[in-house]
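Down below is the structure, laid out as structure tokens.
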Amino acid sequence: METLEFQAEARQLLQLMVHSIYSNKDIFLRELISNASDALDKVRLAAFTDKDLQADTDDLRIELEADKDQRTLTIRDNGIGMSRAEVIDLIGTIAKSGTAELLRKLKESKENSADLIGQFGVGFYSSFMVADKVTLVTRKAGETEGTKWESEGEGTYTIDSVEDAPQGTSVTLHLKPEDKEDHLFDYTAEFKLREIVRRYSDFITWPVRLKVTKTVDDETTTEFETINSMKALWARSKDEATEDEFKEFYRHISHDWTDPLEIIQMQAEGTFEYQALLFIPSHAPMDLFMRESKRGPQLYVKRVFIMDECEALMPEYLRFVKGVVDAQDLSLNVSREILQQDRQIQLMRRRLVKKILQTIKAMDESKYETFWREFGAAVKEGLVNDFDNRTSILEISAFASTHDPEKPTSLADYVSRMKEGQEHIYYLTGASRSIIENSPHLEAFKAKDYEVLILTDAVDEMWVSSVPEFDGKQFQSVAKGQVDLSDDADEDRSKDFEDLLTWMTEALKDNVKEVRLSSRLTTSPACIVGDANDVTPTLEKMYRAMGQELPPIKRILELNPDHALVTSLRTAHSENKEGAAETAELLYGIALLAEGGELADAPRFTRLLADRLAQTL
Ligand code: ADP
């Protein structure tokens, strides 16, 4: 028997495991089963390629055996095994690329070290999160002598030769005491082992068999029961699996008990092989709009579960899509950081996104209606962020409009209804449909029977300023910029109002940057509009709610030259009548209220209004 020292990096990583900074300790089993599964793959391949190899490939399997009295758990495989030299080399040192990098990062950042290590895929050493001693016995296929390795994880390990070791590897964990607060569970408990295997290793293609004891009629028997389903559903074609199996699988990964709206299967072959099985749920999760909500499919590499929520594979605006992606050519030890930059991952992500968008486009009307109601507001974020797919996203988007109060419209339908002479796609953003519908800005558009999109989602404020056009038609806010809808081009009218406008601009200079005449209005006396690049009131509110400092935003007050209040005010001003300034102020307040805005000084407004009204009676 020899006592050897771990290599320096291995020792550091072990220390992290022993003092277990990682909260999810259950994953040790995933790691050991994954190693066992690899070992089975390898022996199968070795026996296949080397006919002279004395390897036993009958009944390849993984066994779990717990001993409650001894408090041990053994994970056993009859795979390729390791020679003595390999044990020293593979278990005593860490050859993984990225280890040094990981350890350096861990040193630098104390806080999220748990995350970092979790992303790394810690392998065999994760045993030391749950065990204070680990015994590994292995015999390489085709060799006669076995090797026993043992360590308490503290810097040294012993290595010895053993006879009669079966082919393959068994890892016996001498379990630490249960400590639920520290996420250390009873890993001798049948239900716990079943749960972990179901969660992490269900789709391992080898049987995972748990030794169970059964008592029937006072007779106790033990047997090995297969506890994983071994079904890699994503690798099967749609005809090879039933709809119910897909739904069952969806439930399993999503914990959503309603059926998915769409099941999407992808199988890519060739230089870069992967399979994907994705689901669009039929309802939005509670946290769809919470910051930092989780996203992305589960990532498997060659049937081995790597991580939940692989965000590198899914853009944020498709965060509701669930599923599995199984890549053939990725390393099992990929970290989240590496994934973000991996070219294959980026390529996969592009294909997944395209496929999802195509699927949405192909939905029938009732499915699409559900889809858009549940996820539309999230999808629209893609208009801001996903430049490459902007057109596709516009094509699958629907918007409320003045055309039909019941049903949102596609942009293509909007365009098909555009009137002679109408150049733009008009929209108005605001807090609610009723506020927008009653907004004075819409008056002239209604009069001309121009359709206006009614945009009430927070994200609408964002995309309208970043998406220039659809089908060659520009998006144009009815509350921004100059709108010329007047049929008779009477330019001279502003001349008649010049004095009034100059005076009012000065009188209201704390609130607006300009007062001008409007061609937007037919019945209201006034409205407030922004310049093309001005922040809208809704956006302003959003920014302030997020704690952003903004300078006060002044917009433009537009007057209706045909309204009695405006013409009378002109007269009052030209005659230097008392109260003209107050009326001007009231006019501004009215315009603000009409668009659903808030008065800066409501008590003053009501007092002025009451005074005015009193004088009219
Ligand atoms: P990883 O599996 O991520 O490479 P591990 O630390 O878990 O890292 O294992 C290191 C190496 O030890 C493996 O790559 C494999 O060669 C060997 N090994 C681990 N477990 C087994 C096993 N059950 N059978 C055969 N070889 C194993």
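Note that ligands are numbered from 1 as they come in the structure, with each ligand's atoms numbered from 1 the same way.
Contacts between Asp77 and ligand 1 below 4.0 angstrom, taking non-hydrogen atoms only, involve the side chain exclusively.
Checked against the 6.0 Å centroid threshold, Tyr317 and Trp463 do not count as a close aromatic pair.
Not one N or O of Ile80 is nearer than 3.5 Å to an N or O of ligand 1, by distance alone. On a distance-only criterion, Asn35 and ligand 1 share at least one N/O pair closer than 3.5 Å.
When each atom of ligand 1 is checked for a heavy atom of Ala39 under 4.0 Å away, the hits are 24 (N), 25 (C). Within ligand 1, the atoms closer than 4.0 Å to a non-hydrogen atom of Phe124 are 5 (P), 6 (O), 7 (O), numbered from 1 in the order shown. Within ligand 1, counting atoms from 1 as listed, the ones closer than 4.0 Å to a heavy atom of Thr169 are 22 (C), 23 (N), 24 (N), 25 (C).
Under the 30°/60° scheme for interplanar angles, the aromatic rings of Phe28 and Tyr187 are found to stand perpendicular. Ring planes of Phe375 and Phe320: parallel class, angle under 30° (limits at 30 and 60°). Between Phe272 and Tyr274, the angle of the ring planes lies from 30° to 60°, which puts this pair in the tilted group.
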Would you tabulate the side-chain donor-acceptor contacts of residues 156-163 under 3.5 Å, counting partners in other chains and residues two or more places apart, or write 'none'?
from, atom 1, to, atom 2, distance (Å)
Ser161, OG, Arg84, NH1, 3.1

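By the 4.0 Å heavy-atom criterion, Met82 is counted among the residues contacting ligand 1.
At a threshold of 4.0 Å, the pair Arg71-Asp186 counts as salt-bridged, since one of the basic side-chain nitrogens sits closer than that to a carboxylate oxygen.
For atom 15 (C) of ligand 1, the nearest non-hydrogen atom from the set Val43, Ile62, Leu90 belongs to Leu90.
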